[in-house]
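Quick notes on the structure that follows.
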Number of protein chains: 2
Amino acid sequence: MRGDFVRPATLTDVANRAGVSAATVSRVLNRSNLVSRATRERVERAIHELEYVVNGHARALAAAASEVIGVIVGDMSDPFFAHIVAGVQDQTFLAGQLALVCSTGSDPLREIRQLEHLRRLRADGVILVGGSVRDADHQLTLTRLLSGFHNRGARVVLCGRPPIPDLPKASAITFDNTGGTMRLVEHLTALGHKRIGYITGPPLRSTSRERLHGYRIAARDHDPGLIEQGTFTRESGWLAGHKLLQRNDVTAIVAANDVMAAGALAAARASGRDVPGQVSVAGFDDIEFCQDTHPPLTTVRLPLREAGALAGRIACGLDEPPPTGVVRLGAELVVRDTTGPVRE
Amino acid sequence: MRGDFVRPATLTDVANRAGVSAATVSRVLNRSNLVSRATRERVERAIHELEYVVNGHARALAAAASEVIGVIVGDMSDPFFAHIVAGVQDQTFLAGQLALVCSTGSDPLREIRQLEHLRRLRADGVILVGGSVRDADHQLTLTRLLSGFHNRGARVVLCGRPPIPDLPKASAITFDNTGGTMRLVEHLTALGHKRIGYITGPPLRSTSRERLHGYRIAARDHDPGLIEQGTFTRESGWLAGHKLLQRNDVTAIVAANDVMAAGALAAARASGRDVPGQVSVAGFDDIEFCQDTHPPLTTVRLPLREAGALAGRIACGLDEPPPTGVVRLGAELVVRDTTGPVRE
DNA sequence: CTGAAAGCGCTTACAG
DNA sequence: CTGAAAGCGCTTACAG
């Protein structure tokens, strides 16, 4: 039933109405100053009267520039991604580009599909947000796809994801996941904790691996049984926390992100444990609600919005890519009320 | 320094390599079954060898269909939007469309700009998510722009936003904001609360107005001084909560969303008030962290992801638009631990 | 400052 | 089942 529709006005329609050539209309559209004032005004009136909207596809085809920046994220409802994306969009808007945000639901296949879509649209830039998946096949496909962007002259930015060795021209903005986790664990060690449980993220994600690496360095001589597997969701944090609490020697639990830490906190409460009296808990990212958990959560702050803004600026060509290809952003320990001294 | 780049392979390149015409390649691309098996295989090999990626702009221009669905949201880092968008994207992915999510930062001007961008891209559908702004000029521009989409045959869906009278062909998916708030206030009334403070959202947003309206109906004879202005942020909830708590007659505080309720909760704690012993607090939306506030927050649950999925299906043409143009979704009271009986 | 013409890379009747 | 040709709506040298 999608019957007969109005054909939108074209540039030719505008040219006819204004009594000029298509080239002249195009010049007005692109703010060329090779147009006399009178002509410009006539054209602008025609544009207004016809409610003319330039066809972005025709323009992209003729000019070989799309005004589109692709942003690929894992999961929009995860604050980690949401904050980075907000930073990106502030900048793309300033640059007059359209940030096209696609979410993969953490599915590698969907990541590939979305990238293909972006290549079809000849995106001027593409930003991959969040941890990469350690899977040889997937990495190969990804690298091939991304070099396709590069070969066209499109900019590739990795944000919160390690550089890809086979893709030296891509810019990478990374977080100090390892160092941040180390400082967090050392903070607990200084409080007297010796048996510190750790809830890690999905095993193949670079973010998980880097944070876990920090734990392994700082928690020397740790028992491998102190590490539980999570999936970055609250539910998985609850389950893993519950398991760790069944070991009576654990006096502190560190989760690889705040959402899982919130789950572990709930598990501690459910088991009747006082936090931080009987067990300390800590997270990672410092998303807003850390202030509102019970008690407020000790965590590590990542400059998410700033990272997104930087990625956006590079992708739009507003900033030059970093000379070394990599910008490493800090991670700051934020001590709140879920961590305290061990009471033996 | 963006020097000489590789020209991506075109359909003609593929045709030459495979020794067929462009039309045949196009047929293979579009899965037409008017191609012999042998020819198809030859073309597919050429596509693979050349790493050919169809140019979406050329295709959109020739076929007058863009495979793009635009989604306009206020603020990605607000879980309210994030959950709706996740629902949308599940469906657009199934439909093979690209969901192009643009955020306006709650700026009406930016909303218009993003819509113009989507019109240029000849989006097949557009979804406006979240409350509309009550401003005559802005509404007029918006309506004009949206009818431009309609006239082209693109689908317009309003999600979590009231129908626009001048735009009867648009589908609207609305939440029972008023009824949900009424049930929440009645729950408090049943617990003996007589002086219930209310923290409202930005005054011009439809969401704020509908929720406030529910409060006004249910809290009959309320003192206008019991209503404080917020902006849907945690900070504004803290401030408004702080003000309300200075009135010693207030025994309960309802906020127009969970994020502000979390702020109010923190303000109550800061003032040394026990929740719910001395003051009850409640929010709206039921975002995930409501389970982790201290104490867990009483609120009203909105089917955000379902709403997004429905909007996505309609926008992609997977589902027919609702016959009446409007789908009204429920709002369910979720009683947790921040609300309790009045202790006089 | 302005216009005619070619070209961007596809799809789609039309013929065969 | 396949191809030649026109056309989608712009931009961009090239001339003037």
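On a predicted model such as this, the values are computed, not experimentally measured, just so you know. All heavy atoms count here, side chains included; hydrogens, waters and symmetry mates do not. Labels below follow one simple rule: chain letters A, B, ... track the order of the sequence lines, proteins then strands, and each chain is numbered from 1.
No contact: Val25(A) has no heavy atom under 4.0 Å from any strand.
In the set dG9(C), dT11(C), dT11(D), dT11(D) carries the atom at the smallest distance from any side-chain atom of Ala63(A). In this structure, the nucleotide among dC10(C), dC10(D), dC1(D) sitting nearest to the side chain of Ser36(B) is dC1(D). Of the candidate nucleotides dC10(D), dT2(D), dT2(C), dC10(D) has the atom nearest to the side chain of Ala62(A). Candidate nucleotides dT11(C), dG3(D), dC10(D) were compared by shortest atom distance to the side chain of Leu11(A), and dC10(D) ranks first. In this structure, of dG3(C), dC10(D), dG3(D), it is dC10(D) that holds the atom nearest to the side chain of Ala58(A). When distances run from any side-chain atom of Arg27(B) to the nucleotides dC8(D), dA13(C), dG7(C), the shortest one goes to dA13(C).
The side chain of Thr10(B) places no N or O atom within less than 4.0 Å of a non-bridging phosphate oxygen (OP1 or OP2) of dG9(C). The phosphate of dG3(C) has OP1 or OP2 within less than 4.0 Å of a side-chain N or O from Thr24(A). A close approach under 4.0 Å does occur between a side-chain nitrogen or oxygen of Thr39(A) and OP1 or OP2 of dT2(C). Contact between the side-chain N/O atoms of Asn55(B) and the OP1/OP2 oxygens of dC8(C) is not found at any separation under 4.0 Å.
Atom CZ of Arg134(A) is surrounded by 12 or fewer heavy atoms from other residues, nucleotides or ligands within 6.0 Å.
Not counting sequence neighbours, the partners of His57(B) by the ring pair (Phe, Tyr, Trp, His ring centres under 6.0 Å) test are His57(A).
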